[in-house]
Amino acid sequence: MKWIFEYGEPDQMLALSPREAKVIAGILERSRKKLQKAYERYQDIHESGEATERQQTKLFELENILRILDQFIKETN
C-alpha cells in the first residue's frame, strides 16, 4: 500500500496490491450490511411520504456510499 500521484489527477491516490484490496473489500462487505439496513429504513420512510428533508438527504448519502462500496467490492472480485 502506498500513496501515488498520477499525472492528470488533482490529488494523491492510494495504490493497493490485489491482496490488500481483497482484505479491504471483505471488511467493507461486512460493513455494507449495516449501511444497507439503514438505507432501507430511510427508503421506507421516503416511500411512505413522511420523510423530512434531513432524512431525504441521509437517504441519498447512503445511496452514494453503497454505490461506491459496491463498485470497489466488484472490482476486487
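Each residue takes its place number in the sequence, starting with 1. Basis for what follows: all heavy atoms, side chains included, without hydrogens, waters or symmetry-related copies.
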> Just how far is it from atom CG of Leu69 to atom CG of Asn64, taken to the nearest 0.5 Å?
Replying inline: 11.0 Å
> To the nearest 0.5 Å, what is the distance between CD1 (Ile65) and CZ (Arg32)?
Replying inline: 11.5 Å
> Can you tell me how far NZ of Lys37 sits from CD of Glu40, rounded to the nearest 0.5 angstrom?
Replying inline: 9.0 Å
> Counting only heavy atoms not in Arg54, do more than 12 fall under 6.0 Å of its CZ?
Replying inline: no
>> If hydrophobic clusters are built from ILVMFWY residues whose side chains come within less than 4.5 Å, do Phe72 and Trp3 share one?
In response: yes
> Donor-acceptor pair, Glu20 side chain versus Met1 backbone, under 3.5 Å?
Replying inline: yes
>> Return the CD1 to CG distance between Ile24 and Leu16, rounded to the nearest 0.5 Å.
In response: 4.5 Å
> Do we see a donor-acceptor contact under 3.5 Å between the side chains of His46 and Gln55?
Replying inline: no
>> Give me the atom names and distance for the closest heavy-atom approach of Ala25 to Ile73.
In response: O-CG1, 4.0 Å
>> Rounded to the nearest 0.5 Å, what separates atom CD in Glu61 from atom OH in Tyr42?
In response: 9.5 Å
>> Does Glu47, at its CD atom, have more than 12 non-hydrogen atoms belonging to other residues, nucleotides or ligands within less than 6.0 Å?
In response: yes
> If you measure from CG on Leu62 to CZ on Arg41, what distance do you get to the nearest 0.5 Å?
Replying inline: 9.0 Å
